[in-house]
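Shown next, in structure tokens, is the structure this report addresses.
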Amino acid sequence: MKRALAGLVGMALGVISAVSAAPLTALAAPANDDITGAIAIAAVPYSTSMDVSGASTAVDDPGFCYNSGSVWFSLTPAQNETLTINTNGSTYFAVPSVYTGSPGLLNPVACSYSSSLSFSAAANTTYYLMVGTCCFGGTLFSGNLVLNVAGPPANDSFAGATAIGSLPYTDHPDTTLASSEAGEPTPTCAYGGLGRSVWYSYTPVGTGSVSAQATSMFTTVVAVYSGSSLSSLSQLACSSYGGLATVRALAGQTYYFQTFQLFGAAGPLTFTLEVSPPPQVGWTNYPFDPSIFDNVQFWDTTYDPAGVGVQSWSWSFGDGATAATQAPQHNYAADGSYQVALAITTFDGRTGSLSRTLTVKTHDVAIVKFSTPNTAKTGQTKPISVQVVSNRYPETVQVDLYRSVPGGFQLVGSLTNAVPVSSNKPVSFDFSYTFTGPCPPNTASGTRCGDSTLGTVTFEAVASIVGARDALPADNTAVSPLVTVN
């Protein structure tokens with residue numbers, strides 16, 4: 001049995017040894033396996049996906065970077081620009097590197113130990129891009145390569161500004177490879193200085209206000225210009241921190257929009273251009289329940305989402321009177337309902353209006369008689385009468401009765417009655433009051449006692465309209481003569 005097992009083990013080891021010694025099945029090498037067959041990239045952005053199975057390492061491949069199983073590309077940019085290479089999406093660990101020179105005499109420019117790299121490319125210089133991997137030791141392997149080569153955004157320069165055809169418009173540029181060009185203006189609201197900008201242009205077919213906005217995970221700025229060249233640009237509007245830059249755009253005139261991230265930041269941002277939103281007109285007044293005796297104060301509370309602001313105001317108070325200021329005052333001659341309207345115009349010519357009904361109602365009650373006793377004794381109960389008239393409307397009136405105490409007055413009772421309109425038939429509010437003797441020692445605050453301590457007491461009556469404001473409150477309070485308390 002042991003001999004049989006030993007024989008089987010030997011046979012298995014022999015098979016494994018034979019398999020290990022056998023060469024891998026040869027795969028057809030890609031056409032760009034060697035630098036002499038490098039695929040020429042005519043323009044960027046460039047993307048390709050290709051099966052690089054069978055790629056190998058040539059003896060003259062540079063050892064500057066990972067280079068097992070390499071394939072080659074070439075690129076000759078027409079202008080100075082920053083380029084980025086990435087191999088995201090490849091089915092193997094594809095590592096790019098960049099060289100200048102000629103086959104056999106290559107000079108390293110950039111190498112990445114990850115799937116992406118960026119480098120500064122000079123105009124009319126040929127660059128060789130090698131994409132390899134590691135750890136295969138020159139043997140053949142299989143895999144699919146995804147290669148992306150990108151340059152600056154097409155609208156990196158003023159001359160390449162993206163033309164916007166219709167509104168609303170949204171774009172998502174990446175400013176990582178963008179730059180600022182010689183002579184480019186720095187917007188007045190770019191507190192962090194000029195950044196890596198991109199440009200847009202818009203020529204409206206009709207006159208109207210437009211608003212531009214730039215948003216990003218970093219602080220942004222957007223500026224609007226008129227002019228036809230960098231040297232002739234005139235700034236019309238500027239906004240930072242995600243605000244709107246709004247201008248009145250004239251039909252047939254071209255406007256340029258410059259946007260970037262502040263403080264040296266770069267990356268994806270969102271640029272939008274739209275017809276400016278209308279102003280949200282609002283107004284308020286004080287007092288909120290005006291009477292004919294009030295000089296009513298009005299305020300404009302308009303909000304302009306476009307961020308331009310209000311230039312002019314036109315008020316109509318509903319009684320034939322008007323005003324043209326931001327916060328006018330007005331007095332109404334008679335009670336009634338008035339249609340108050342405010343129309344505004346923003347600095348860029350947008351308009352809006354708001355009309356609302358304002359009710360003017362003059363409430364007025366008065367205390368016409370306050371009857372109190374001349375004298376009283378401790379423990380004696382006597383009547384106190386307050387007579388009230390209403391001059392304009394039937395009212396519900398509350399009368400509060402107070403008595404004098406050291407330092408002020410103390411509430412001793414309240415009555416509520418309906419008071420009809422009458423100037424000569426007052427409604428009587430009749431109280432009964434029991435006069436008190438001296439307060440015992442350590443009496444709690446608020447206890448009603450002590451009318452006889454000083455020998456006299458004074459009463460105060462205050463009338464108030466339930467649910468309304470008295471327009472003439474001066475005659476709503478009455479104070480009695482001194483009442484002698486024995």
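Between the side chains of S464 and N476, no donor N or O sits under 3.5 Å from an acceptor N or O. For D51 and N144, the side-chain atoms include no donor-acceptor pair closer than 3.5 Å. Between the side chains of T220 and Q261, no donor N or O sits under 3.5 Å from an acceptor N or O. For D335 and Y393, the side-chain atoms include at least one donor-acceptor pair closer than 3.5 Å. For the residue pair T254/T203, the side-chain donor-acceptor check at 3.5 Å is satisfied. A donor-acceptor contact closer than 3.5 angstrom is absent between the side chains of S209 and S276. Using modelled atom types, one finds no donor on one side chain facing an acceptor on the other under 3.5 Å when comparing Q280 with T302. Between the side chains of S97 and Y99, at least one donor N or O sits under 3.5 Å from an acceptor N or O. Side-chain atoms of T76 and T126 include a donor-acceptor pair closer than 3.5 Å. In this structure, a donor-acceptor pair under 3.5 Å is present between the side chains of Q398 and D400. No side-chain donor-acceptor contact under 3.5 Å links N86 and S115. No side-chain donor-acceptor contact under 3.5 Å links Q213 and E274. A side-chain donor-acceptor contact under 3.5 Å links D364 and N391.
From Y191, atom OH reaches atom SG of C189 across 6.0 Å, with rounding to the nearest 0.5 Å. Put simply, OG1 on T270 and CG on D171 are 8.5 Å apart, with the number rounded to the nearest 0.5 Å. Atom-to-atom distance recorded for W199:CH2 and D156:CG is 11.0 Å, nearest 0.5 angstrom. Here the CZ-CD1 distance, from F429 to I367, works out to 9.0 Å after rounding to the nearest 0.5 Å. Here the CD-CH2 distance, from Q326 to W283, works out to 15.0 Å after rounding to the nearest 0.5 Å. For the atom pair CH2 (W72) and CG (N32), the distance works out to 10.5 Å, reported to the nearest 0.5 Å.
Contact record, P305 with L244: O-CD1, 3.2 Å, taken as the closest heavy-atom pair. Between V388 and V419 the shortest heavy-atom distance is O-CG1, 3.9 Å. A pairwise comparison of heavy atoms in F257 and A212 identifies CD2-CB, 3.7 Å as the closest pair. Contact detail for Y128 and G101: the closest heavy-atom pair is CE1-O, 3.4 Å. The two residues S70 and D33 make their nearest non-hydrogen contact at O-OD1, 3.0 Å. Between A121 and P77, the closest heavy-atom pair is CB-CG, 3.8 Å.
Checked for salt-bridge contact, D174 and R196 miss the test: no charged N lies under 4.0 Å from a carboxylate O. D289 has a carboxylate O that lies under 4.0 Å from a charged side-chain N of R469, or vice versa, which qualifies the two as a salt bridge. Note on D304 versus R350: salt bridge recorded, some NZ/NE/NH1/NH2 to OD/OE distance being below 4.0 Å.
Using cut-offs of 30° and 60° on the angle between ring planes, the pair Y332 and F317 is perpendicular.
A distance-only check finds a donor-acceptor pair linking the side chain of S112 to the backbone of S116 [under 3.5 Å]. Checking side-chain atoms of T57 against main-chain N and O of G69 turns up a donor-acceptor pair under 3.5 Å. Under the 3.5 Å distance criterion, the side-chain polar atoms of T345 are left unmatched by any main-chain donor or acceptor of Q311.
Residue pairs meeting the disulfide bond (SG atoms under 2.5 Å apart) criterion with at least one member in residues 279-325: none, sequence neighbours excluded. Sorted by first then second residue, the disulfide bond (SG atoms under 2.5 Å apart) pairs that include residues 288-347, not counting sequence neighbours, number zero.
Y286 and F288 have their aromatic ring centers within a separation under 6.0 angstrom. Residues F119 and Y127 bring their aromatic ring centres within 6.0 Å. Ring to ring, F298 and H330 are not that close: their centroids are 6.0 angstrom or more apart. Aromatic rings from Y256 and F158 are positioned such that their centres are separated by under 6.0 Å. Ring pair F271/Y200: centre-to-centre distance below 6.0 Å.
Looking at heavy atoms from C-beta onward, F260 lies out of side-chain contact with L269 at the 4.5 angstrom threshold. Looking at L358 and N285, their side chains come closer than 4.5 Å, going by heavy atoms from C-beta outward.
Within a 6.0 Å radius of CZ in F293, other residues, nucleotides and ligands contribute more than 12 heavy atoms.
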**OP:** Give the intermediate values and the outcome of side-chain contact (heavy atoms from CB on, under 4.5 Å) for residues V95 and V131.
**Re:** CA-CA 5 Å; V95 183; V131 182; over 6 Å; no
